[in-house]
Amino acid sequence: MSNSSRFVMWVVFAFSLWCLTACKVYSQPNNQQVPGFFIFGDSLVDNGNNNGILSLARANYMPYGIDFPQGATGRFTNGRTFVDILAQLLGFPNYIPPYARTGGRALFQGANYASGASGIRDETGNNLGDHMSMNQQVDHFATTVQQLRRYFRGDNINALAAYLSKCIFYCGLGSNDYLNNYFMTDYYPTSSQYTPKAYAASLIQDYSKQLAGLYKLGARKVVVAGVGQIGCIPYQLARYNGNSSNRCNEEINSAIVLFNTGLKRLVDQFNKRGQLPGAKFVYLDSFESSKDLVQNAKTYGFEVADKGCCGVGRNNGQITCLPLQTPCDNRQKYVFWDAFHPTEAANILFAKKAYSSKSKSYAYPINIQQLVML
């Protein structure tokens with residue numbers, strides 16, 4: 001056999017080997033709409049990253065997870081979180097695992113970096129102990145990209161970029177920057193350093209850098225959630241105006257609106273042609289969706305929208321759900337699971353709206369289902 005023939009055979013063999021490797025990397029169930037799902041956020045979507053750290057922001061004890069098949073996993077609700085349900089809507093056969101307990105090829109399905117008590121600012125949530133801020137979560141994703149790169153050699157780096165460009169990235173932060181920072185005046189000085197408008201602008205500036213950091217690492221289809229109507233959660237109802245259990249703290253809500261307005265504007269800026277080439281950002285208006293659910297609770301089949309299903313004190317919101325506490329029986333009828341977090345039933349409605357709502361009041365400029373198809 002001539003040297004040229006041997007060379008041709010070697011090239012064919014090498015190409016075949018590359019194809020086999022690529023097939024393994026990209027293999028995904030037929031019903032799965034995207035190859036991977038990467039999640040960044042706080043306790044609304046944390047699924048166990050805080051379990052092994054020194055923090056009061058943990059939920060790996062009953063009755064948390066009372067309606068979840070695996071029990072108390074670290075999810076801050078009775079069952080599935082918003083992103084658990086979104087993963088199912090996206091066709092994933094399994095829930096996206098917490099970053100703290102996943103690695104290797106499993107990372108191709110995605111990872112959840114969210115951490116209870118975390119925020120956009122690094123110091124946010126320090127009053128509750130350890131946590132992973134958004135900056136740390138982005139760093140963890142950078143480590144993930146390095147791990148994934150091992151499966152791509154030489155020119156296959158372009159294949160890694162192609163893979164990441166098809167994945168969905170979800171980012172939901174900001175709540176703790178208000179609850180466990182700006183409006184916690186005994187612990188944090190930010191309210192004396194910033195007006196609400198200046199604080200929102202500072203948060204958006206920091207968040208913009210973090211989201212751009214994800215873009216540099218390969219994120220192209222990015223969903224960012226605004227902050228919900230946290231002036232109306234049981235924790236606030238219990239603390240604000242004890243004579244009226246259903247009156248919201250509008251000071252907090254007004255501050256949140258400033259942040260959300262800036263975040264939506266940032267999405268428009270990122271989506272401008274040439275700003276972040278190849279990227280598409282979607283804004284979820286969590287404020288409007290949570291406001292709608294609370295105001296029209298009965299229309300959606302809920303009976304209780306101002307109390308936690310599990311908690312202590314006024315509105316079951318003065319102290320959040322305690323270990324081994326007996327929660328309400330009719331959890332499907334409650335909007336809130338504890339002082340801060342929605343029930344699985346509420347999460348189902350939020351996720352379905354984000355995924356397929358035709359209204360730009362909830363998903364802007366397109367919904368997640370449309371984002372997938374781009």
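Small disclaimer: the values here were computed from a predicted structure and weren't measured.
Residue pairs meeting the salt bridge (charged side-chain N to carboxylate O under 4.0 Å, His left out) criterion with at least one partner in residues 115-124, sequence neighbours excluded, are R121-E123. Sorted by first and then second residue, the side chain to side chain donor-acceptor pair (under 3.5 Å) pairs with a member in residues 90-103 read Q88-Y95; sequence neighbours excluded. Applying the side chain to side chain donor-acceptor pair (under 3.5 Å) test to pairs two or more places apart or on separate chains, those with a residue in residues 262-288 are D268-Y364. Residue pairs meeting the disulfide (SG to SG under 2.5 Å) criterion with at least one member in residues 78-124: none, sequence neighbours excluded.
A donor-acceptor pair is defined here as one N or O able to donate and one able to accept, closer than 3.5 Å; such a pair exists between the side chain of Q137 and the backbone of G41. The backbone N or O of A100 sits less than 3.5 Å from a side-chain atom of N49, completing a donor-acceptor pair. With hydrogens and angles disregarded, no donor-acceptor distance shorter than 3.5 Å links the side chain of N260 to the backbone of G226. Within the 3.5 Å criterion, the main-chain N or O of G116 finds a donor-acceptor partner in the side chain of N50. Proximity of a side-chain donor or acceptor of Q147 to a complementary backbone N or O of R150 within less than 3.5 Å is not detected. K197 places no side-chain N or O within 3.5 Å of a backbone atom of L258 that could act as its donor or acceptor partner. One N or O on the side chain of S356 and one on the backbone of K352 form a donor-acceptor pair closer than 3.5 Å. In this structure, the side chain of Q109 does not engage the main chain of A106 through any donor-acceptor pair within 3.5 Å. Using a distance-only test at 3.5 Å, with no hydrogens or angles considered, no donor-acceptor pair links the side chain of Q370 to the main chain of K358. With hydrogens and angles disregarded, no donor-acceptor distance shorter than 3.5 Å links the side chain of S55 to the backbone of G129.
A perpendicular orientation is assigned to the rings of F169 and F141, their planes being inclined by more than 60° (bins at 30° and 60°). The aromatic rings of Y113 and F40 lie parallel to each other, with less than 30° between the two planes, well short of the 60° mark. Ring geometry, Y207 versus F259: the interplanar angle falls under 30°, so the pair is classed parallel (tilted spans 30 to 60°).
Of all the heavy atoms in I252 and I230, the pair that sits closest is CG2-CG1, 3.7 Å. Nearest heavy-atom pair across P196 and A255 is CB-CB, 4.4 Å. Nearest approach of F68 to G79, heavy atoms of both residues: CD1-O, 3.6 Å.
Taking 4.5 Å as the limit, every side-chain heavy atom of K333 sits out of range of all side-chain heavy atoms of F302. Side-chain contact between F281 and L371 is absent, with no heavy-atom pair separated by less than 4.5 Å. Counting only heavy atoms from C-beta outward, the side chains of H341 and I233 never approach each other to under 4.5 Å. Taking 4.5 Å as the limit, every side-chain heavy atom of L214 sits out of range of all side-chain heavy atoms of F38. Two residues are said to be in side-chain contact when any heavy atoms from C-beta on lie closer than 4.5 Å; M134 and C171 meet this criterion. By the 4.5 Å heavy-atom criterion applied to side chains, Y215 and R220 are counted as neighbours. Contact annotation: the side chain of L284 never approaches that of S289 to less than 4.5 Å [non-hydrogen atoms, C-beta and beyond]. Residues V227 and L263 fail the side-chain proximity criterion, which asks for heavy atoms closer than 4.5 Å.
Of the N and O atoms on the side chains of N78 and T343, not one donor lies less than 3.5 Å from an acceptor on the other residue. If you check the side chains of D177 and N181, you find no donor sitting under 3.5 Å from an acceptor. Inspection of the R75 and T73 side chains reveals an N or O donor paired with an N or O acceptor under 3.5 Å. Between the side chains of Y188 and N126, no donor-acceptor pair is found at a separation under 3.5 Å. In this model, no donor atom of one side chain and acceptor atom of the other lie less than 3.5 Å apart for S43 and D46. With no hydrogens or angles considered, no side-chain donor-acceptor pair links T124 and N180 at under 3.5 Å. Side-chain contact, N253 with E250: a donor N or O sits under 3.5 Å from an acceptor N or O.
Cluster membership for V224 and L266, using ILVMFWY side-chain heavy atoms within less than 4.5 angstrom, is shared. Under the 4.5 Å side-chain heavy-atom criterion for grouping Ile, Leu, Val, Met, Phe, Trp and Tyr, L349 is connected to V223 within one hydrophobic cluster. The hydrophobic clustering, which links ILVMFWY residues whose side-chain heavy atoms are closer than 4.5 Å, places V257 and Y194 together. Hydrophobic clustering of Ile, Leu, Val, Met, Phe, Trp and Tyr side chains at less than 4.5 Å, counting indirect connections, keeps I168 apart from Y362. In terms of hydrophobic clustering, with Ile, Leu, Val, Met, Phe, Trp and Tyr side chains grouped at heavy-atom distances under 4.5 Å, F76 and I85 are assigned to different clusters.
For C167, there are no disulfide (SG to SG under 2.5 Å) partners at least two apart in sequence or on another chain. Partners of C321 according to the disulfide (SG to SG under 2.5 Å) rule, which considers only residues two or more places apart in sequence or in another chain, are C310.
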Would Y178 and Y199 count as a ring pair (Phe, Tyr, Trp, His ring centres under 6.0 Å) if you check the C-alpha gap in whole Å, the side-chain angles of each, and the deciding distance to 0.1 Å?
CA-CA 10 Å; Y178 287 94; Y199 187 65; 5.4 Å; yes
Should F37 and L86 be marked as a side chain to side chain contact (heavy atoms under 4.5 Å, CB included) after you check the CA-CA gap, both sets of side-chain angles, and the distance that decides it?
CA-CA 10 Å; F37 185 22; L86 193 52; 3.9 Å; yes
Going through the distances and angles, do V83 and I96 end up as a side chain to side chain contact (heavy atoms under 4.5 Å, CB included)?
CA-CA 8 Å; V83 292; I96 304 303; over 6 Å; no
Can you check side chain to side chain contact (heavy atoms under 4.5 Å, CB included) on L160 and Y151, steps first, answer last?
CA-CA 9 Å; L160 174 58; Y151 298 96; over 6 Å; no
Is there a side chain to side chain contact (heavy atoms under 4.5 Å, CB included) between R80 and N347 once you walk through the steps?
CA-CA 7 Å; R80 290 169 293 168; N347 281 329; over 6 Å; no
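Remark: N315 CG to R239 CZ distance equals 12.5 Å, nearest 0.5 Å. Atoms CZ and CD1, from R58 and I53 in turn, are 8.0 Å apart once rounded to the nearest 0.5 Å. Put simply, NE2 on H131 and OG on S115 are 6.5 Å apart, with the number rounded to the nearest 0.5 Å. Taken from CG in D206 to CG in N135, the straight-line distance is 7.5 Å, to the nearest 0.5 Å. With rounding to the nearest 0.5 Å, the separation of CG in L374 from CD1 in I366 is 4.5 Å. The distance from the CG atom of L179 to the CD atom of Q236 is 6.0 Å, given to the nearest 0.5 Å.
For an aromatic pair to be called close, the ring centres must be under 6.0 Å apart, and Y64 with W337 satisfies this. You'll find the ring centres of F82 and Y170 inside the 6.0 Å limit. F108 and Y163 have their aromatic ring centers within a separation under 6.0 angstrom.
Taking a 6.0 Å sphere around CG of L54, one finds it holds 12 or fewer heavy atoms contributed by other residues, nucleotides or ligands.
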